[in-house]
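Have a look at the structure below before the remarks.
Every chain is numbered from 1 and lettered A, B, ... according to where its sequence line falls, protein lines coming before strand lines. These numbers were taken from a predicted model, which means no experiment stands behind them.
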Amino acid sequence: MLAVVRRIPPGRVATYGCIAELAGRPGAARAVGNIMSEGGRPAVPAHRVIAAGGRLGGYGGHEQLKRSLLLAEGVTFRGARVHPFRALEWTGPSRRLSR
DNA sequence: AACATGACTGTCG
DNA sequence: TCGACAGCCATGT
């Protein structure tokens, strides 16, 4: 799972559910978020992991920082939601739109 | 092994 | 569009 998060390309965002699916555990979005909260690996760009619908989701109480990090990656935000979420939504490495 | 918790998701109002 | 309720998964006690 954490490996999947690491596969998220820069400037792109992935939802917990998407990561769970890529990890082979569809519906385990909560589990993904839970693992992230544990912070098992610092090399995992957790700031690229957002909730469904382009929502910020959570960041251990530092969602503002998360927004800034994404903003630095080129992700535009619309209040508490990404604007071109549909275009920035990374659904997996098999997506020819990415890469 | 079982119960409780949590960075989630989808549907109803 | 926003708020509340129920469902599902992994980890920790």
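- Residue pairs meeting the salt bridge (Lys or Arg N to Asp or Glu O under 4.0 Å) criterion with at least one partner in residues 76-93 of chain A, sequence neighbours excluded, do not occur; the list is empty.
- Hydrophobic side-chain contacts under 4.5 Å tie A:Tyr59 into a cluster, directly or through other members, with A:Leu65, A:Leu69.
- By the side-chain contact (heavy atoms from CB on, under 4.5 Å) test, A:Leu56 pairs with A:Lys66, A:Arg67, A:Phe77, sequence neighbours left out.
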Can you name the atoms? Protein N/O to nucleotides 2-6 of chain B N/O, anything below 3.5 Å, with the distance.
| residue | atom | partner | partner atom | Å |
| --- | --- | --- | --- | --- |
| B:dG6 | N2 | A:Arg30 | O | 3.2 |

Worked verdict on A:Phe85 versus A:Thr15 for side chain to side chain contact (heavy atoms under 4.5 Å, CB included): CA-CA 10 Å; A:Phe85 175 58; A:Thr15 65; 3.6 Å; yes
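- Remark: P of B:dA7 and CG of A:Leu70 are 18 Å apart, rounded to the nearest angstrom.
- Residues passing the side-chain contact (heavy atoms from CB on, under 4.5 Å) test with A:Pro84, sequence neighbours excluded: A:Thr76, A:Ala87, A:Leu88.
- Here CZ of A:Arg12 is found 11.0 Å from CZ of A:Arg48. Values are rounded to the nearest 0.5 Å.
- Counting to the nearest Å, the C1' atom of C:dT1 and the CZ atom of A:Arg78 are 12 Å from each other.
- Atoms CG (A:Leu65) and C1' (B:dA7) sit 13 Å apart, rounded to a whole Å.
- Following rounding to the nearest Å, A:Tyr59 (OH) and B:dA7 (C1') show an atom-to-atom distance of 10 Å.
- Here A:Arg30 contributes atom CZ and A:Tyr16 contributes atom OH; the two are 12.5 Å apart, rounded to the nearest 0.5 Å.
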Sub-3.5 Å pairs of nitrogen or oxygen atoms, protein against nucleotides 9-12 of chain B:
| residue | atom | partner | partner atom | Å |
| --- | --- | --- | --- | --- |
| B:dT9 | OP1 | A:Ala52 | N | 2.7 |
| B:dT9 | OP2 | A:Ala52 | N | 2.9 |

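- Residues A:Trp90 and A:Pro9 meet the side-chain proximity criterion, which asks for heavy atoms closer than 4.5 Å.
- You'll find the side chain of A:Val49 stays beyond 4.5 Å of the side chain of A:Val13, heavy atoms only.
- Taking CD1 of A:Ile50 as the start and CD1 of A:Ile8 as the end, the distance is 9.5 Å to the nearest 0.5 Å.
- Whole-Å rounding puts the A:Arg25 CZ to C:dC9 C1' distance at 9 Å.
- Where DNA chain C pairs in unbroken runs of 3 or more (Watson-Crick or G-U, both distances under 3.5 Å), the stems are B:2-6 with C:9-13, B:8-13 with C:2-7.
- The two atoms that bring A:Ala20 and A:Ala29 nearest to each other are CB-N, 3.8 Å, heavy atoms only.
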